[in-house]
Amino acid sequence: MFPTPLPMVTPAKCGAMPSKVSCLYLLTVVCWASALWYLSVSRPSSYIGPMSFQVRKATKNSTISNIRARSLNPHDFGYLINEAKKCETEPPFLVILISTTHKEFDARQAIRETWGDETTFPDVRVVTLFLLGRSTDAVLNQMLEQESQIFHDIVVEDFIDSYHNLTLKTLMGMRWVATFCAKAQYVLKTDSDIFVNMENLIYNLLKPTTKPRRRYFTGYVINGGPIRDMRSKWYMPRDLYPDSKYPPFCSGTGYIFSADVAELIYGISLHTRLLHLEDVYVGVCLRKLGIHPFQNSGFNHWKMAYSLCRYRRVVTVHQISPEEMHRIWNDMTSKKHLKC
Ligand SMILES: *[C@@H]1O[C@H](CO)[C@@H](O)[C@H](O)[C@H]1NC(C)=O
Ligand SMILES: *[C@@H]1O[C@H](CO)[C@@H](O)[C@H](O)[C@H]1NC(C)=O
């Protein structure tokens, strides 16, 4: 299903082998096995009879599970809460994935009542989902369960919800789109303290009436390198990422991509060593996929003081509290007739 026939064997894994010779041997065997698997699944099937077709299917199944078992990052957590039917009736134009934590109820509610409201645009179908892991506090999990039964906009996978596991949350979103909403056109991945100017995003950037893009990725592009200062929030250990530069990546505060990219990133992530900085990690996956994120000046990585005319031009603004979100939304919707 995922076009990544070559599982990577890390030097770390090889180091555990008794000698360099057996390490090379292992690499060769793995490469051959993957090549054979790749050939077996990419061969045109028109000339294969029903008998051999069944055989081929079984082989493919067992090989995929083998490769998954060997993969560096087998992201296969179960769903504790899911909304598997959100996209069943009609594929949405836009799926909004919002990384959030259990205690941020106010922020979720503010988003539901403002820019995340799925019913704002009668002509464009939008699906809004909040992404979480499992809390170590049973009461918080229960409260979330109740919230989910009321709003049906929460997805939870069975990993520990923590800042260090943020990348898992992003991958869970990619996996959810690939599994339950592959026919959507675009995905917005953002955080719970972001204001999104949906009108600008939908009508000026994505343009529902134009031909859907593929392999499309945009946001606030950062060209940077690892911070080696251990006190930094963005500290990256040298042994985890030795290079002095990151590939171009979009700030995790908000990025947009065509829905086909979700499956590509999820697929390649199974064979890509995890990094705890989720936006950097997505950049690493994009580089492997040969997809170039492009810069869009409407995505604001930092906070920006509110003014009607200024906010009409943005796509996202960072560091907005639930109260500010309501105020901005009310002001913008009540002053639609005003010219700037
Ligand atoms: C593929 O493998 C899974 C789990 O190993 C099994 O449940 C499923 O029935 C298999 N599918 C086919 C087509 O053999
Ligand atoms: C991340 O989640 C995994 C799976 O639940 C867990 O084993 C691990 O401890 C978590 N890491 C952190 C830093 O919370």
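Just follow the structure's listing: the first ligand is 1, and inside any ligand the first atom is 1.
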Tell me, which protein residue and heavy-atom name are nearest [atom], and how many Å apart are they?
| atom | answer |
| --- | --- |
| atom 7 (O) of ligand 2 | Ile160 CG1, 4.8 Å |
| atom 13 (C) of ligand 2 | His164 CB, 3.5 Å |
| atom 12 (C) of ligand 2 | Ser162 OG, 3.3 Å |

Is the gap between the ring centers of Phe121 and Tyr203 under 6.0 Å?
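Centroid separation for Phe121 and Tyr203: below 6.0 Å.
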
Just go through Thr136, Asn165, Asp161 and tell me whose heavy atom is the nearest to atom 11 (N) of ligand 2.
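Looking at heavy atoms only, Asn165 sits closest to atom 11 (N) of ligand 2.
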
Arg214 atom CZ, neighbour heavy-atom count above 12 within 6.0 Å
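No.
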
Answer yes or no: is there an ion pair linking Glu90 with Lys183, defined by an N-O contact shorter than 4.0 Å?
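No salt bridge links Glu90 with Lys183.
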
For the pair Arg108 and Asp153, find out whether any cationic side-chain nitrogen is under 4.0 Å from an anionic carboxylate oxygen.
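Asp153 and Arg108: not salt-bridged.
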
Quiz question for you: does at least one protein heavy atom lie closer than 4.0 Å to atom 9 (O) of ligand 2?
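Under 4.0 Å from atom 9 (O) of ligand 2, zero protein heavy atoms found.
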
Is atom 2 (O) of ligand 2 near the protein, in the sense that some protein heavy atom lies at less than 4.0 Å from it?
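At least one protein heavy atom is under 4.0 Å away.
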
Enumerated ligand 2 atoms positioned under 4.0 Å from heavy atoms of Phe159
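Those qualifying, in numeric order: 2 (O), 4 (C), 5 (O).
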
Students often mix this up, so state it plainly: with edges at 30° and 60°, are the rings of Trp176 and Phe180 parallel, tilted or perpendicular?
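Trp176 vs Phe180 ring planes: tilted.
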
In terms of ring plane angle, is the pair Phe195 and Tyr311 parallel, tilted or perpendicular, where the classes change at 30° and 60°?
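Correct class here is tilted.
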
